[in-house]
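Written below as structure tokens is the structure these notes are about.
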Protein chains: 4
Amino acid sequence: MIIIMQAQASEREIDKIKDSIISLGCEVNEYQNQNHRILGLLGDTSKINIDLLKGNRSIDKIVYVNEPYKKVNRLFHPEDTIIKVLDKTIGKDHIAIIAGPCSVESEEQILEIGKEVKDAGASFLRGGAFKPRTSPYSFQGIGDSALDYLKKARDIIGLPIVSELMSVHMLDRFVEDVDIIQVGTRNMQNYDLLKELGRIDKPILLKRGLSATIEEFLMAAEYIMLGGNENIILCERGIRTFENYTRNTLDLSAIPIIKKKSHLPIIVDPSHATGLWWLVEPLAKAAIAVGADGIMIEVHNNPSKALCDGNQSIKTERFASLMKSLKEIARIENRIL
Amino acid sequence: MIIIMQAQASEREIDKIKDSIISLGCEVNEYQNQNHRILGLLGDTSKINIDLLKGNRSIDKIVYVNEPYKKVNRLFHPEDTIIKVLDKTIGKDHIAIIAGPCSVESEEQILEIGKEVKDAGASFLRGGAFKPRTSPYSFQGIGDSALDYLKKARDIIGLPIVSELMSVHMLDRFVEDVDIIQVGTRNMQNYDLLKELGRIDKPILLKRGLSATIEEFLMAAEYIMLGGNENIILCERGIRTFENYTRNTLDLSAIPIIKKKSHLPIIVDPSHATGLWWLVEPLAKAAIAVGADGIMIEVHNNPSKALCDGNQSIKTERFASLMKSLKEIARIENRIL
Amino acid sequence: MIIIMQAQASEREIDKIKDSIISLGCEVNEYQNQNHRILGLLGDTSKINIDLLKGNRSIDKIVYVNEPYKKVNRLFHPEDTIIKVLDKTIGKDHIAIIAGPCSVESEEQILEIGKEVKDAGASFLRGGAFKPRTSPYSFQGIGDSALDYLKKARDIIGLPIVSELMSVHMLDRFVEDVDIIQVGTRNMQNYDLLKELGRIDKPILLKRGLSATIEEFLMAAEYIMLGGNENIILCERGIRTFENYTRNTLDLSAIPIIKKKSHLPIIVDPSHATGLWWLVEPLAKAAIAVGADGIMIEVHNNPSKALCDGNQSIKTERFASLMKSLKEIARIENRIL
Amino acid sequence: MIIIMQAQASEREIDKIKDSIISLGCEVNEYQNQNHRILGLLGDTSKINIDLLKGNRSIDKIVYVNEPYKKVNRLFHPEDTIIKVLDKTIGKDHIAIIAGPCSVESEEQILEIGKEVKDAGASFLRGGAFKPRTSPYSFQGIGDSALDYLKKARDIIGLPIVSELMSVHMLDRFVEDVDIIQVGTRNMQNYDLLKELGRIDKPILLKRGLSATIEEFLMAAEYIMLGGNENIILCERGIRTFENYTRNTLDLSAIPIIKKKSHLPIIVDPSHATGLWWLVEPLAKAAIAVGADGIMIEVHNNPSKALCDGNQSIKTERFASLMKSLKEIARIENRIL
């Protein structure tokens, strides 16, 4: 940590800060440039209460030399994290394809779509039971019974299942029934939920918040990992920008950045990022080309009858042809799909 | 609702959509411009499943004529909502000043600050018990005991108290002990929490999400109001933009817009919006000038010793002098402060 | 065009608007929903002064059914535009690779880099003569002599040359000496310059503005095309968002959108988008996978000695290996590179 | 300037950087924290080529201790700049009100509006002659004759006139005829134009770019001031964000920030920021309350007949009543209006 003092800071104010830092066992490297005194901190700075420092009006700027995340940081965990779910693998060489409808609508629907995406090569089946919707008047998911249908689909089809948890009240049920617990974009900073998820050992699929920086996204994962759960899959799904032709702007640069900064696997959801089915295929291909560890796609057997998000779902036939292209790109990148 | 069909849509596709709309009891006004068929819907369109329509690939665009929010809409509730808390009033002519420390640190601290802000003219005392923090390594609030200290402060000082609820598990405690329950920016779309808050009748202070549009903000309030709780105070606290000199960009335009669109009171939090104490005073004055129904300000008796957000807190002396300016502006606007 | 009247609009106000529209030869399809009168316009609406309509306070909203751009619109020009420069081709099946240093620094430098990028498979040589820099204290390019060196490089190496025009004063010189004239992101809405470029027939490489929507980007191209110059290559180079790990956020969704909406070729510049050399390779691959008609990359023989933007330049060796990957992806997409 | 080396940087790489800095006459304060070597630079760092440093791959981060702007920096010019135009004054205690139509439409129109705004208390008359429009099909201003009408209005009414320059070709005409030359938001980084404006001594009204940070805004002013023209008035007019209810988001926080960082006067344009006439009045009041040195407002005698931007213009009657409120707020702030 480097502290740049205000140009007007007095010797007394500077000494007060130095003393408080030294009293915590750190050392201070100090020098003066034209206008500002600069304090470089050495030693274990973790005991320093940064919030207290920030409130000090004689300080101009605080610069962090080290990243604020520890557990998720590749610096202290150089090898890629590999997550195993039933017989499937995510991370390092293995690319995961998570496909299925936005919402589970009926047993028949999830079974039919599930079989088709499996045949096309998907490794996980997704389906929403509880849906976070901007409007209270929109379809909110069929709830508990969706989890029953998903379990049945897993038993019959053999794909691990992924579904979104919206409430801590439902945690036990999800731990029991679901293979990967998804945390939606609107809950990325629901710290109450993140702390609970740190206490279990189910894999968590954590989606990036609409307006979360990459650092904040990694800090949300840090909350879960600090609690003891190391099975985290990150998911880029678009950020909010001024461009409103697409629902959000898919930030593919985040993939190589997160792979450099963290050991956790990172996948891409082009369906929610854009909200437009005809953008899903080119962006899924781009996601594999940029190095993502997987993609999550909404697939529906009849999008214009979908109870939710039909406009961003692709048909099962198109999904099958997309899988062929993705496999070719994965091969160029020497990855297993 | 107006449906603009794709330029390539066939008669068969158009008829299918018209039939499904008519079967729900609506009428369709239809015409053709150069390239597109346009369907104008009449009658009670609330039965139409918009999610289903959106999934239809022969549709180019759907235009909403009416706003998606009903309960919070001024169109159906022209007079201003006025909220009463103990002997205080928020809304219409009454401007509310909510002041206090970011975090409750001790009984002495909250009592001392509470007395000072009351003397200066504040109408509510705020104080955080549980703090949502980007980093799990940051101070998370002193928790339950903070609620005890706040209650004591209310009993001694006589100001109603405001504190942030982060978890549904704590709802009963907050209903019991707190006068206004705050929902933080990161939980604005925590629908599980919003639905629970709809079931109680405590006043809710709902903060705008970092990347929420005004419409989404009002839709979040609609969730609470639809549940039956009509005591909602909205709070603008900055949105996330590319400008990073300030923590967020305070969107003061939102105030007159929300006052036009909704009957709910809307206040401004300049402390969290900017993160810089020296911006709080000019922006608080601007907030009153633009027509806000109140402001929420972080005040600390010793900001450089604050355990949290000291850099955005103003000192109690400055708060007192700010109150004088605010009163003068309120007087020009013919409002009671 | 559809006009939605204010809920409070009087019959007199509505009639006034209808009369003015009918007097221009258009027809009006009119109907009333619950709260609003809706006017659908038929016929040639181009004579209607939209600015005048927008100023009318009895109008709530104006909805455009057709896109505002005509010349660049694929609807009226379904086949892809193909641009030929010397013996090179951009658009449709042909992917163009434009490579070279940010700034031309000397004759030796541009000759050496030019030969290396040509050997690796680049089809165009880029190099800045005049540099738009945020700071007046930063290196501004070596100017005129850079154009001389570029011409010499073209004559010796045989690659067409691309350079950025910053001033209308230099237009004649650029028309004379450069093969593709680049318009930088900060000048995308310099209408004075765009109009001048419409009068020549040199190919123009038009970069998307930092905060330009896709529609505004296409409208800037419309300015040039309306003047008579149809040789326009669009270039996505990142938009400004809150994420500041990268300089800008590369918006790869814009590629398939622009290819759907317009017939003009669109390429991607991953170097300026991110500002970080180690992101250039994954994003260049993603750009080809998403369907771009080319990429523009900064390549330097010695980035740490580059007088400008060294941090976003890749070395010539890496460029050669990147070209191999790009060719493999292009082959999957059945495109010529 | 502080240089944080990569965690992996070798001694050889570090020495190379130190040597190059020392060879330019600077000193280096060096220390090592847990993972990174840190170099603090002392002395005159202006000779260091930062672009070269940035290209060095063994450097992790460069931190600026001092602001990059010099001439516009309040640190080196503590007193407020006061600009005098004819008998009017902008800056320090004096608040300037610039009012008039978006576009000059006729001699009668500008004379009539000019008289009315003067009577209501405006100190400057604005009017567009050449209009920068997103669409080439929109009204582009009546051009040269508008300047003639503006001059006539100045001579008859006695208010200094403000108009926007779009092309360097027109510079001589503007220097001759206009009292304050406006640079529009889309030209804020048209460096060719900024450099020309540095060579004259007319006051320049520089609008903030749609996506310009405060620092970039000040750097654009630095371009003009470095050329020798110190008569610069800055203008905040909204930045581009995801919120699209308003055309842009007015960033009022920028006012106290710019007043702290720079000695130049800063005014606010609420008309272009929002695009909605009914937001102009509350935001104009907020602008004065937050400390702006003036406002620029579009006023029209018949907004629904305005050839441009009628939707954001207020009527002359409303302007007169707004002026009364502004004067009351100015009085509270002890400023002259």
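Computed from a predicted model, the values in this text were never measured in an experiment. In the text below, chain A, chain B and the rest are named by the order of the sequence lines, each starting its count at 1.
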Minimum heavy-atom separation for C/Cys235 and C/Ile266, please, with both atom names.
N-CD1, 4.2 Å
For B/Val268 versus B/Ala292, what's the shortest heavy-atom pair and its separation?
CG2-CB, 3.9 Å
Considering only heavy atoms from C-beta outward, does the side chain of C/Val290 approach that of C/Pro256 to under 4.5 Å?
yes
Would you name the heavy atoms of B/Ile59 and B/Leu53 that are closest together and state the gap between them?
CD1-O, 3.6 Å
Who pairs with B/Ala273 by side chain to side chain contact (heavy atoms under 4.5 Å, CB included), at least two apart in sequence or on another chain?
B/Leu250
Between chain C and chain B, going by a 3.5 Å limit, which atoms form donor-acceptor pairs, if any?
from: C/Asn35; atom 1: ND2; to: B/Asn66; atom 2: OD1; distance (Å): 3.3
from: C/Lys61; atom 1: NZ; to: B/Tyr64; atom 2: O; distance (Å): 2.8
from: C/Tyr64; atom 1: O; to: B/Lys61; atom 2: NZ; distance (Å): 2.8
from: C/Asn66; atom 1: OD1; to: B/Asn35; atom 2: ND2; distance (Å): 3.3

In terms of heavy-atom proximity below 4.5 Å to chain B, should C/Leu75 be classed as side chain, backbone, both, or neither?
side chain
Heavy-atom closest pair (B/Met225 atom, B/Val72 atom, distance to 0.1 Å) is SD-CG1, 3.6 Å
To the nearest 0.5 angstrom, please state how far the CG atom of C/Leu210 sits from the CZ atom of B/Phe242.
9.0 Å
Contacting moiety of C/Val65, where chain B heavy atoms sit under 4.5 Å:
both
